[in-house]
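Small disclaimer: the values here were computed from a predicted structure and weren't measured. Just so we're on the same page: letters track the sequence lines, and every chain starts at 1.
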Number of protein chains: 2
Amino acid sequence: MTVHPSRSLAERRQHAADGLSQAAEPGSGRGIPDATVARLPLYLRALAALAERKVSMASSAKLADAAGVTSAKVRKDLSHLGSYGTRGVGYDVDYLIYQISRELGLTRDRGVVIVGVGNLGQALARYGGFVSRGFRIAALLDTDPARIGDWIAGVCVSPAGDLEEVVRTEDVAIGVITTPAPAAQPVCDRLVAAGVTCILNFAPAVLCVPADVEVRKVDLAMELQILAFHAQRKGAERGSGMQLAEAVR
Amino acid sequence: MTVHPSRSLAERRQHAADGLSQAAEPGSGRGIPDATVARLPLYLRALAALAERKVSMASSAKLADAAGVTSAKVRKDLSHLGSYGTRGVGYDVDYLIYQISRELGLTRDRGVVIVGVGNLGQALARYGGFVSRGFRIAALLDTDPARIGDWIAGVCVSPAGDLEEVVRTEDVAIGVITTPAPAAQPVCDRLVAAGVTCILNFAPAVLCVPADVEVRKVDLAMELQILAFHAQRKGAERGSGMQLAEAVR
DNA sequence: CTGACTTTGTGCATTCGTTCACAAACGCTT
DNA sequence: AAGCGTTTGTGAACGAATGCACAAAGTCAG
């Protein structure tokens, strides 16, 4: 038996079919492509919907349909996590939920700090999807004295000066920026200096961060503009020959 | 009535107007890659910031810095729109703003309907970034009688039953879905049936649409989960040398 | 046990996107 | 007009992601 004694994190469950797979290093999660990581939450949502309907097993085709992707993509994506499927049968829904949750780090609750309690910040704070998925709002921060002291979704709005202390005491790993654009970079700098390594930026500004900090951005105006491009493209085709004009009934 | 109820939406985002292989026509801009289109709003924002600082010309390097991308990417992206730069000099800021705006279809104002006036819907309605970029909120729709009649950002909340009429009379091309997940697909079907060809979906649900309808999705919980993955990855490396065993090096 | 059937996991080809490197084009100076 | 420095536009190399096809591995019936 070629069992590695000091193997990667946690315990390695005995994946029965070890066979000849040596390069994959299942479960260690080292080389998961970004595109796959971005889809894991999608699968998680689809699996949760299946579990709600008391479905205990799901093939890649069924999962693909529920997630809106192709079955080949599902299989390749899941294969990066390890061999958690059974050939001829499919994937165990509950077990796969657990494995993906573990890979995403959702098994342990994570503190999130939201900086900027404007329209969007308030909406995010009240959005149930955060808390229900293991994210705890550690703090709501703002510079406006009129807002400080307000209670939103059971959390009190604190002055922005508390940022460093909150990050330290609450072990915050994720910062959400919902400030106006000019305040975004200074806030970002303070978050990074305080030890935050992952930032979700809703402000319409380009953030400059060290290489070891992960930034994801959501720009609502940008999304609309992209759609406007497609709307124009479709609209232009309407003038010439179209095969499906208003045939949708 | 839905067109393909059980149709797997495998190849939904695939056609990028490949009908005509020719893409050399600068003005028409038929074959612009999706990745480039997604960055055009980013360039637009960067250019607007430069224009505000009275910068009249900008090289690809300067633009790249302002947009947070590489200069090669800027040049290749802009080359898809046509030759709007001057060698040895750079790009004229105002002219480029006009060209990109035109390509994105922002020169003519576009009606947007927001369905679902909850936390997020309200925040979007009040978000200034929409109106300031040529998007007009044609209607706010909701099913909750308690919300109907409210005035948000100068727009009155109408009953969801008005959807078809609003889309028709206001020539709405873009629909924004901010309903709870279960209501998303029915709302989507009604939008599509009414003639909306572009949909921005904030509901945590997979939408099934005909091939000629463009859907973009923004899932806030999903973004946080992706960040959680990176947070865990970084955290594991820092805390102890569990992962990254000696095998890799 | 055998054989028919189902489904995973994965090598391979293809398509899509990014990066590199450089000739062509432009302004400016002489 | 000619030479010099700068910057664009683009072919080509490279890399990542997707789709395809099929062997391996499982279930199930008899």
Side-chain angles (χ1 to χ4, degrees), chain A residues 14-27 30-40 42-43 55-93 95-96 99, chain B residues 8-18 21 23-26 29 31-40 42-43 55-93 95-96 99:
Chain A
Q14 67 301 348
H15 41 55
D18 195 342
L20 43 103
S21 65
Q22 35 76 2
E25 194 80 36
R30 249 337 65 163
I32 302 184
D34 284 349
T36 293
V37 173
R39 279 189 294 265
L40 290 182
L42 191 63
Y43 299 147
V55 179
S56 63
M57 298 294 289
S59 67
S60 62
K62 185 172 293 189
L63 228 176
D65 201 55
V69 297
T70 67
S71 62
K73 218 179 273 189
V74 169
R75 288 198 299 277
K76 186 148 287 195
D77 283 343
L78 294 184
S79 75
H80 284 114
L81 310 186
S83 290
Y84 295 142
T86 306
R87 300 186 187 216
V89 179
Y91 301 89
D92 182 284
V93 172
Y95 184 55
L96 199 53
Q99 287 298 343
Chain B
S8 171
L9 38 139
E11 66 294 85
R12 196 162 43 77
R13 299 177 48 94
Q14 249 49 30
H15 359 336
D18 288 335
S21 57
E25 204 70 31
I32 302 182
D34 283 349
T36 294
V37 172
R39 278 188 294 265
L40 290 182
L42 190 65
Y43 299 147
V55 179
S56 64
M57 297 294 290
S59 67
S60 63
K62 185 171 293 190
L63 229 174
D65 200 54
V69 296
T70 67
S71 63
K73 219 179 271 190
V74 169
R75 287 199 300 277
K76 183 144 287 198
D77 284 342
L78 295 183
S79 75
H80 284 114
L81 310 187
S83 290
Y84 296 141
T86 306
R87 301 186 185 214
V89 179
Y91 301 88
D92 183 285
V93 172
Y95 184 55
L96 199 52
Q99 287 298 344

K.L.:
Might you point out which heavy atoms bring B:V93 and B:V55 nearest each other, and give the distance in Å?
P.N.:
CG2-O, 3.4 Å
K.L.:
Within this structure, what is the OH-to-P distance between A:Y84 and C:dT10, rounded to whole angstrom?
P.N.:
13 Å
K.L.:
Determine whether any donor atom in the side chain of A:K76 lies under 3.5 Å from an acceptor atom in the base of D:dG19, or the reverse, and answer yes or no.
P.N.:
yes
K.L.:
D:dT8, OP1 or OP2 - any side-chain N/O from B:S60 closer than 4.0 Å?
P.N.:
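Affirmative; the distance criterion is met.
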K.L.:
In Å, rounded to the nearest 0.5 Å, how long is the span from OG of A:S56 to OH of A:Y91?
P.N.:
15.5 Å
K.L.:
Can you name the nearest heavy-atom pair linking A:V89 to A:M57, along with the distance?
P.N.:
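Heavy-atom minimum between the residues: CG1-CE, 3.2 Å.
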K.L.:
When the distance from CG of B:L78 to C1' of D:dT7 is rounded to whole Å, what number comes out?
P.N.:
13 Å
K.L.:
Among D:dG9, D:dT27, C:dG17, which is the nearest nucleotide to the side chain of A:V89?
P.N.:
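Minimum distance to the A:V89 side chain belongs to D:dT27.
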K.L.:
What's the CG-C1' distance between A:L81 and C:dT8, to the nearest Å?
P.N.:
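Taking CG of A:L81 and C1' of C:dT8, I get 14 Å after rounding.
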K.L.:
Atom CG of A:D77 and atom P of D:dA16: how far apart are they, to the nearest Å?
P.N.:
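Rounded to whole Å, this separation is 16 Å.
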K.L.:
Can you tell me if the side-chain N/O atoms of B:Y91 get under 4.0 Å from OP1 or OP2 in D:dG9?
P.N.:
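True: B:Y91 side-chain N/O within range (under 4.0 Å) of D:dG9 OP1/OP2.
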K.L.:
Contact class for B:T36 (heavy atom, under 4.0 Å): base, sugar-phosphate, or nothing?
P.N.:
nothing
K.L.:
Verify the contact: side-chain N or O of B:T86 to OP1 or OP2 of C:dC26, cut-off strictly under 4.0 Å; return yes or no.
P.N.:
no
K.L.:
Give the rounded distance in Å between these two atoms: NE2 of B:H80 and P of D:dG9.
P.N.:
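My rounded result for the distance is 12 Å.
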K.L.:
Any side-chain N or O of B:K73 less than 4.0 Å from the OP1 or OP2 oxygen of C:dT19?
P.N.:
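Looking at the OP1 and OP2 atoms of C:dT19, one of them is under 4.0 Å from a side-chain N or O of B:K73.
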K.L.:
Counting side-chain heavy atoms from C-beta on, which of D:dC20, C:dT18, C:dG9 comes nearest to B:R39?
P.N.:
C:dT18
K.L.:
Can you check whether any acceptor in the base of D:dT7 is under 3.5 Å from a donor in the side chain of B:R87, or vice versa?
P.N.:
no
K.L.:
Starting at CE of A:M57 and ending at C1' of D:dC28, how long is that distance when rounded to a whole Å?
P.N.:
15 Å
K.L.:
Using whole Å, what does the distance between atom P of nucleotide C:dT18 and atom CZ of B:R75 come to?
P.N.:
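Result: 14 Å.
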K.L.:
Can you tell me the distance, in whole Å, between the CG atom of B:D92 and the C1' atom of D:dT7?
P.N.:
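Those two atoms, CG and C1', are 15 Å apart.
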K.L.:
Could you pull out every donor-acceptor pair under 3.5 Å between side chains of residues 70-79 of chain B and any protein atom, sequence neighbours left out?
P.N.:
from, atom 1, to, atom 2, distance (Å)
B:T70, OG1, B:K73, N, 3.3
B:R75, NH1, B:S60, OG, 3.1
B:D77, OD1, B:T36, OG1, 2.7
B:D77, OD1, B:R39, NH2, 3.1
B:D77, OD2, B:R39, NE, 2.6
B:D77, OD2, B:R39, NH2, 3.3
B:D77, OD2, B:Y43, OH, 2.5
B:S79, OG, B:K76, O, 2.7

